[in-house]
Amino acid sequence: MVGDNRYNPSEVEKYWYEKWLESDCFHSKRYSGTPYVIVIPPPNITGYLHIGHALNNTIQDILIRWKRMSGFNALWVPGTDHAGIATQNVVEKELMKKGLTRKDLGREEFLKEVWQWREKYGNRIIEQLKRLGVSCDWTRLCFTMDKNFSRAVQTVFVSLYKKGFIYRGKRIINWCPRCTTALSDEEVEYSPYNGSLYYLRYPVEGGGFVVVATTRPETMLGDTAVAVNPSDGRYKDLIGKKIRLPFMNRLIPIIPDNQVDMKFGTGAVKVTPAHDPVDYAIAYRHNLEFITVMDETGKMNENAGIFRGIDRFECRTRIVEELRKQSLIEKIETYEYRIGRCYRCDTIIEPYISRQWFVKMKELAQPAIKVVMEGHLKFYPERWTKIYLHWLNNIQDWCISRQIWWGHRIPAWYCSDKACPPIISVETPKECSQCGCKNFVQDEDVLDTWFSSWLWPFAVFGWPEKTKDLEFFYPTSTLVTAQEILFFWVARMVIAGFEFTGKKPFESVYIHGTVRDETGRKMSKSLGNAIDPIEIIDQSGADALRFSLISLTAFGQDVFLPEKFHHKGRNFVNKIWNAYRYIEMLLEKNDCSYIEIDSVESFKDLRLGERWILALLNRKIVHITECLNNFRFNEAADSIYEFFWHQYCDWYIELSKMYHTKEPYLISRVIPVLVYLMVKLLKLLHPFIPFVTEELHSRMKKITNIEDAFITTSSWPSYSNVFDFDDSLELMDRIKEIVVEIRDLKTFFKIPVTKDLQAAYHGISLLDADEYRHMVEFLSGIKFQKADQIIKTHSKDEIVRSRGHGFFSIKLSGIVNIEAEIERLVNEKKKVLRVYQETENKLTNSAFLSNAPSKVIERTKKLRADLELELNKIEKNIKLLTGDVL
RNA sequence: AGGCGGUUAGCUCAGUCGGCAAGAGCGCUUCCCUUACAAGGAAGAGGUCGUGGGUUCGAUUCCCUCACCGCCUACCA
């Protein structure tokens with residue numbers, strides 16, 4: 001026999017991935033057939049493969065392999081994302097080890113460093129993806145900083161600017177003092193924070209105090225007003241009066257504004273227009289002064305008076321101390337609130353006023369809303385539709401400039417000498433049309449990484465050029481992604497799709513759940529709770545990882561992974577491996593070197609076992625295909641698992657052992673059917689566990705007439721009329737029932753397996769047929785004789801059982817524990833009686849009879865009949881055992 | 001504050017249109033190293049389907065209430 005009894009994935013996986021690549025198995029055809037296209041959510045070049053990637057990419061791979069086998073011209077475009085802030089952070093950290101900052105190097109040198117880093121590590125995650133077995137077309141590997149991609153980004157910027165959708169303005173934005181850059185609203189993550197609410201006493205000019213509550217006392221240095229609600233009786237008289245701001249000695253007005261919540265704090269709020277979005281809005285309405293009191297690193301600046309040069313949090317402490325000394329602290333309450341942090345470095349965000357570039361989103365968003373409203377772009381699960389629409393309907397302007405160096409530099413040019421309006425163009429301008437000067441400086445800032453990612457579905461095909469690829473492969477088919485980037489990426493891609501190509505970028509979006517640990521936390525490196533997929537692949541193989549992950553992830557539901565989750569797939573793959581070994585062994589034993597599958601001859605004059613398993617295969621093919629059509633991956637995976645293990649292996653393979661070596665039926669029918677099933681099952685399994693199926697397919701090729709060079713480029717199984725053996729399904733179920741009943745009886749009475757048992761049956765007409773009786777005898781390990789008299793001649797060493805279909809008895813030479821059997825029967829009777837009663841109630845209920853569909857009534861009637869029969873038999877059995885004669 | 005998801009076996013979870021004698025994997029119990037597989041086989045135990053109502057002939061499933069867990073949005077300083 002070939003191979004170890006344990007499947008060893010490591011060599012197999014390496015071998016086949018190389019083979020697939022060598023043979024261009026994952027290439028799409030230019031340009032024929034019906035395209036099915038997926039673009040990968042490009043992983044960040046600084047990233048390592050985590051379990052979330054594994055799930056995301058396994059799903060895509062299942063879809064693409066399934067579609068490829070189903071005859072589509074399947075294309076999966078891979079790529080990576082330059083991840084501006086993250087990558088810059090990584091490289092800066094490297095520099096720091098040498099005691100250098102990016103500023104020491106200067107922009108140009110620093111970018112060289114980053115490019116070098118990316119050459120060295122940028123494809124690390126791609127290599128990890130390959131280990132997962134993903135079938136991307138690697139000849140199309142894209143990067144968001146590729147030349148053509150840059151061109152797409154610049155083109156988009158210019159186009160939007162010309163249409164008036166991009167503007168530059170001084171606004172309050174989210175500022176990360178560590179990354180020293182602006183962030184968009186989406187790049188800020190909020191989390192609970194145990195802080196304090198400080199009640200500050202502001203002296204009113206002319207006597208008295210107003211108490212204001214704040215969580216950030218240090219911002220008081222930039223206060224330019226105190227606001228109260230105009231309908232707040234407490235403060236009516238104060239409106240229009242002035243406050244002398246502590247430390248700054250500045251007079252600031254008390255103003256009325258409806259946005260002030262009377263119920264919160266004291267109902268009076270300090271207004272710091274340059275450091276708070278709400279205050280900014282108030283200030284805008286009241287024409288207040290904007291005073292910035294911090295610098296870009298979060299230190300207090302020259303406007304902070306005596307606190308200049310102190311870090312913002314240190315300043316907070318100092319100010320509170322000082323105010324306390326001056327009796328200007330009313331009280332301090334502990335207060336939990338949500339605080340925004342930088343999604344890249346976790347630093348607390350400072351709302352900060354600065355000049356940035358923005359995209360007006362409202363109008364651009366309209367087609368993206370419409371397409372979903374009209375049902376031309378669908379989300380799976382559907383509930384994301386509402387969340388998507390809610391965001392788009394409330395969309396805010398998008399801050400796209402970043403004060404970093406790594407990224408697409410903003411194509412805005414300023415005259416060196418004069419303050420002309422910026423010139424926006426892809427190329428360096430030659431001459432300013434306003435002042436005629438020829439010297440320009442380019443805007444220092446780069447664009448938000450997502451400002452390039454949102455072009456992904458068409459930029460990967462060469463847009464803005466009108467390429468053949470674009471024409472043929474775009475729009476793409478399905479986008480597979482996680483909920484976290486629905487706004488960041490998905491919604492913006494739809495917007496960009498319509499704005500720049502006039503088309504939706506994809507037909508449907510499947511949003512899978514987030515992978516969490518047992519306690520419900522997101523898996524992340526910083527939490528130290530991450531399961532490393534590469535480690536699992538090393539140990540148990542990519543197939544094991546993929547199958548386990550998919551099987552455990554319900555449609556669109558978050559998944560909580562227990563520690564040994566991957567054992568399910570590992571054990572399953574091992575089972576498949578061994579089933580194959582059995583077939584190979586069987587062929588050897590029977591001198592079969594070559595099996596012609598799909599030959600009409602093999603499917604003639606089949607017995608029950610063959611008819612049954614083929615009919616079941618038919619059903620499975622339909623069901624699994626249906627599941628995949630509906631993104632129900634776990635259901636598909638579990639369905640094949642059940643069929644392969646618990647039908648094919650547990651019953652059909654076992655049944656095949658009933659035949660003697662070289663028995664004609666074995667050779668002419670059983671072996672071909674076994675092989676046929678294996679061939680088809682491997683195909684059904686291939687999208688889920690590509691490696692082991694390819695390996696076994698290649699082995700099958702040597703012994704059968706299958707011609708496909710690779711399973712991955714072979715065809716998906718379909719329903720076959722030849723196997724319309726539906727009558728066999730119920731019949732086989734009954735045989736299985738009888739077998740299980742006998743096995744149970746044997747276990748119950750602790751009868752050794754090997755013991756050659758004589759048994760008799762009565763009233764089970766099924767067993768009158770030699771074929772079926774032999775099956776039961778073989779599978780349950782007893783020998784039958786027909787004996788009508790048995791139930792009348794019960795003796796102590798004979799045990800009688802029944803279930804639905806009659807009686808059988810087994811003659812034992814030893815002692816049987818009659819009491820145990822009686823107890824079991826009594827319990828059984830109770831159980832059956834309860835259900836029988838429920839059924840009876842239904843069927844005597846006229847409302848049920850008149851309202852329920854006839855199908856349900858029929859089913860219920862049949863159930864009642866079965867239960868009644870069973871009850872009778874249990875009772876008779878009890879009588880027999882207690883010695884009552886019938 | 002609003003929205004969404006969850007609550008089913010000891011654990012992790014399925015369960016589509018309302019009708020099942022409510023399922024799986026792991027774990028557990030008993031037996032078995034029977035020549036595909038001990039990462040295995042056979043048999044079995046284990047559930048008031050979160051609470052309280054409602055609709056219905058019939059509810060794990062639909063509606064409402066509440067509780068707890070989680071997530072996402074939001075300008076309460």
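Values below: all heavy atoms of this structure, side chains included; hydrogens, waters and symmetry mates excluded. Chain identifiers are assigned alphabetically (A, B, ...) following the order of the sequence lines, protein sequences preceding nucleic acid strands; residue numbering begins at 1 within each chain. The model shown is predicted, which means the values in this text are computed figures rather than measured ones.
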Is the distance from OP1 or OP2 of B/A36 to the nearest side-chain N or O of A/K657 less than 4.0 Å? yes

Give a yes/no answer on whether the side chain of A/N571 brings an N or O atom under 4.0 Å of OP1 or OP2 in B/G40. yes

Does A/M220 reach the side chain of A/L323, with side-chain heavy atoms less than 4.5 Å apart? yes

Across every strand shown, the nucleotide meeting Watson-Crick or G-U wobble geometry with B/U73 (both distances under 3.5 Å) is B/A1

Paired with B/C20: which nucleotide, if any, by Watson-Crick or G-U wobble criteria at under 3.5 Å for both distances? none

Could you give the distance separating B/G41 and B/C33 at their C1' atoms, to the nearest angstrom? 10 Å

Can you find a side chain N or O atom of A/N5 that sits less than 4.0 Å from OP1 or OP2 on B/A38? yes

Got a second to check how far A/L666's CG is from A/K589's NZ, nearest 0.5 Å? 10.0 Å

The reported gap from CZ in A/F691 to CD1 in A/I537 (rounded to nearest 0.5 angstrom) is 8.0 Å

Closest to the 5' end of RNA chain B, once A/L849 and A/I653 are matched to their nearest nucleotides, is A/I653

C1' atom, B/U60 versus B/G44: distance in rounded Å? 25 Å

With the criterion being N/O to N/O and under 3.5 Å, what pairs connect the protein with nucleotides 15-22 of chain B, and how long is each?
{"residue": "B/U16", "atom": "N3", "partner": "A/E635", "partner atom": "OE2", "Å": "3.4"}
{"residue": "B/U16", "atom": "O4", "partner": "A/E635", "partner atom": "OE2", "Å": "2.5"}
{"residue": "B/G19", "atom": "O2'", "partner": "A/R859", "partner atom": "NH1", "Å": "3.1"}
{"residue": "B/A21", "atom": "N6", "partner": "A/E870", "partner atom": "OE1", "Å": "3.2"}

Which pairs, protein N/O on one side and nucleotides 1-9 of chain B N/O on the other, fall under 3.5 Å?
{"residue": "B/C4", "atom": "OP1", "partner": "A/K386", "partner atom": "NZ", "Å": "3.3"}
{"residue": "B/G5", "atom": "O2'", "partner": "A/Q557", "partner atom": "NE2", "Å": "2.9"}

P atom, B/G23 versus B/C68: distance in rounded Å? 33 Å

Taking atom P in both B/A14 and B/C66, compute the distance separating them and give it to the nearest angstrom. 26 Å

Taking a pair as Watson-Crick or G-U wobble with both distances under 3.5 Å, which nucleotide is matched to B/C49? none

Using a 4.0 Å heavy-atom cut-off across all strands, classify A/R570 as base, sugar-phosphate, or nothing. base

Side chains of A/R285 and A/Q259, donor plus acceptor under 3.5 Å: yes

Give the nucleotide from the list B/A42, B/C57, B/A38 with an atom nearest to the side chain of A/N845. B/C57

Going by distance alone, is a donor N or O of one side chain under 3.5 Å from an acceptor N or O of the other, for A/Q837 and A/K842? no

For A/W645 and B/G41, is the shortest distance between a side-chain N/O and OP1 or OP2 below 4.0 Å? yes

Pick the C1' atom in B/A67 and in B/G53, then give their distance to the nearest Å. 15 Å

Same-atom distance (C1') from B/C64 to B/A21, integer angstrom: 31 Å

Look at all strands and tell whether A/N630 reaches a base, only sugar-phosphate, or nothing, counting heavy atoms closer than 4.0 Å. nothing

If only side-chain N and O atoms of A/H646 are considered, is one of them under 4.0 Å from the OP1 or OP2 phosphate oxygen of B/G25? yes

Side-chain N or O of A/Y582 versus OP1/OP2 of B/U35: is the shortest distance under 4.0 Å? no

Upstream residue (5' side of RNA chain B) when A/M262 and A/W651 are each assigned their closest nucleotide: A/W651

Below the 4.0 Å mark, does B/G41 have OP1 or OP2 next to a side-chain nitrogen or oxygen of A/K575? yes

Is a side-chain donor or acceptor of A/S551 paired with a backbone partner of A/A637 at a separation under 3.5 angstrom? no

Assigned partner base of B/G25, Watson-Crick or wobble definition, under 3.5 Å: B/C11

Restricting to pairs with a member in residues 630-646 of chain A, which pass salt bridge (Lys or Arg N to Asp or Glu O under 4.0 Å), not counting sequence neighbours? A/K568-A/D638

Is the backbone of A/G569 close enough, under 3.5 Å, to the side chain of A/S548 for a donor and an acceptor to pair up by distance? yes

C1'-based separation of B/G18 from B/U61 [nearest Å]: 6 Å

Taking the C1' atom in each of B/C37 and B/U12, what is the distance between them to the nearest angstrom? 25 Å

